[in-house]
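Atom set for the values below is all heavy atoms of this structure, side chains included, hydrogens, waters and symmetry mates excluded. Residue numbers run from 1 in the order of the sequence given.
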Amino acid sequence: MGSTGEDDTAVAPSLLLDRAAGRVSAAVQKVLRDSAITLEKWRILDLLAEREGMTMSEIASAVVVTGPTLTRIVDDLATKALVHREVDVHDRRRVLVHLTPRGQRLRRSLRPAVVEAEAAALSALTDDQRSTLSALLARLTGATAAGPTTA
């Protein structure tokens, strides 16, 4: 027992969450390596496939990156013709980001391997446990458990 009266062998939830996220992220990054798409770029492509026409701030919040980082990533995706930007017709101050047909094809081609990599990284869990984990993480983050992959 430590000086706080707690079991010193207990691992902090934050460390366990980081380890689990690292394991799943590493598995997905391995799949993406040959496509020249980073994990952050994948997350944006996958997000836009599920919810077309998002603002930069919505994307930044959903994939947890800073504005300047997101701008660099979206610039690169646009250069590769995977996304395009357009001014929101309802609010000209907002810019919406959309997948291009090329971006949609790339996402469709990579998604099965990404889903498989995520499942393999979580293979120590039963289907019910994976479902429970997704629901608990969604509750903690305020997200929906049935959303796009977010490795």
Item to check | Test side chain to side chain contact (heavy atoms under 4.5 Å, CB included) applied to His98 - qualifying residues, sequence neighbours left out | outcome: Glu52, His84, Glu86, Leu96
Next on the checklist: Restricting to side chain to side chain contact (heavy atoms under 4.5 Å, CB included), what partner residues turn up for Asp128, sequence neighbours left out?
Outcome noted: Thr126
Next on the checklist: As a quick check of understanding, evaluate side chain to side chain contact (heavy atoms under 4.5 Å, CB included) for Leu133 and Gln129, giving each step before the final call.
Outcome noted: CA-CA 6 Å; Leu133 176 63; Gln129 288 171 329; over 6 Å; no
Could you tell me the separation between the [atom1] atom of [X] and the [atom2] atom of [Y], rounded to the nearest 0.5 Å?
{"X": "Leu99", "Y": "Leu106", "atom1": "CG", "atom2": "CG", "result": "9.0 Å"}
{"X": "Thr38", "Y": "Arg33", "atom1": "OG1", "atom2": "CZ", "result": "13.0 Å"}
{"X": "Leu17", "Y": "Leu137", "atom1": "CG", "atom2": "CG", "result": "6.5 Å"}
{"X": "Lys41", "Y": "Ser35", "atom1": "NZ", "atom2": "OG", "result": "9.5 Å"}
{"X": "Arg111", "Y": "Leu45", "atom1": "CZ", "atom2": "CG", "result": "12.0 Å"}

Next on the checklist: Is there a side chain to side chain contact (heavy atoms under 4.5 Å, CB included) between Arg94 and Met56? Walk through the geometry before answering.
Outcome noted: CA-CA 9 Å; Arg94 295 174 12 138; Met56 294 288 279; over 6 Å; no
Identify the heavy atoms of [X] and [Y] that sit nearest to each other, and give their distance.
{"X": "His90", "Y": "Asp88", "answer": "N-OD1, 2.9 Å"}
{"X": "Val28", "Y": "Trp42", "answer": "CG1-CD1, 4.4 Å"}
{"X": "Ala27", "Y": "Ala121", "answer": "CB-CB, 3.9 Å"}

Donor-acceptor pair, distance only, cut-off 3.5 Å: does the side chain of [X] make one with the backbone of [Y]?
{"X": "Ser61", "Y": "Glu58", "answer": "no"}
{"X": "Thr100", "Y": "Ala81", "answer": "yes"}
{"X": "Ser134", "Y": "Ser131", "answer": "no"}
{"X": "Arg130", "Y": "Leu125", "answer": "yes"}

Side-chain donor-acceptor pairs under 3.5 Å in residues 63-72, sequence neighbours left out?
| residue | atom | partner | partner atom | Å |
| --- | --- | --- | --- | --- |
| Thr66 | OG1 | Thr69 | N | 3.3 |
| Thr66 | OG1 | Thr69 | OG1 | 2.9 |
| Thr69 | OG1 | Arg72 | NH2 | 3.3 |
| Thr71 | OG1 | Gly67 | O | 3.0 |

Checklist entry - Salt-bridged, Arg107 to Glu50, with N to O below 4.0 Å? => result yes
Next on the checklist: Does this structure show an ion pair linking Asp75 with Arg85, if we count only N-O contacts that are shorter than 4.0 Å?
Outcome noted: yes
Item to check | side chain to side chain contact (heavy atoms under 4.5 Å, CB included) assessment of Val114 paired with Leu32 | outcome: CA-CA 8 Å; Val114 169; Leu32 298 173; 4.0 Å; yes
Checklist entry - Between Leu77 and Ile44, is any pair of side-chain heavy atoms under 4.5 Å apart? => result yes
Next on the checklist: Is any side-chain heavy atom of Val87 closer than 4.5 Å to one of Arg93?
Outcome noted: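 A side-chain contact is absent here, since even the closest heavy-atom pair is not under 4.5 Å.
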Checklist entry - Between Val97 and Met54, is a side chain to side chain contact (heavy atoms under 4.5 Å, CB included) present by the stated rule, with each step listed? => result CA-CA 5 Å; Val97 181; Met54 295 181 71; 5.7 Å; no
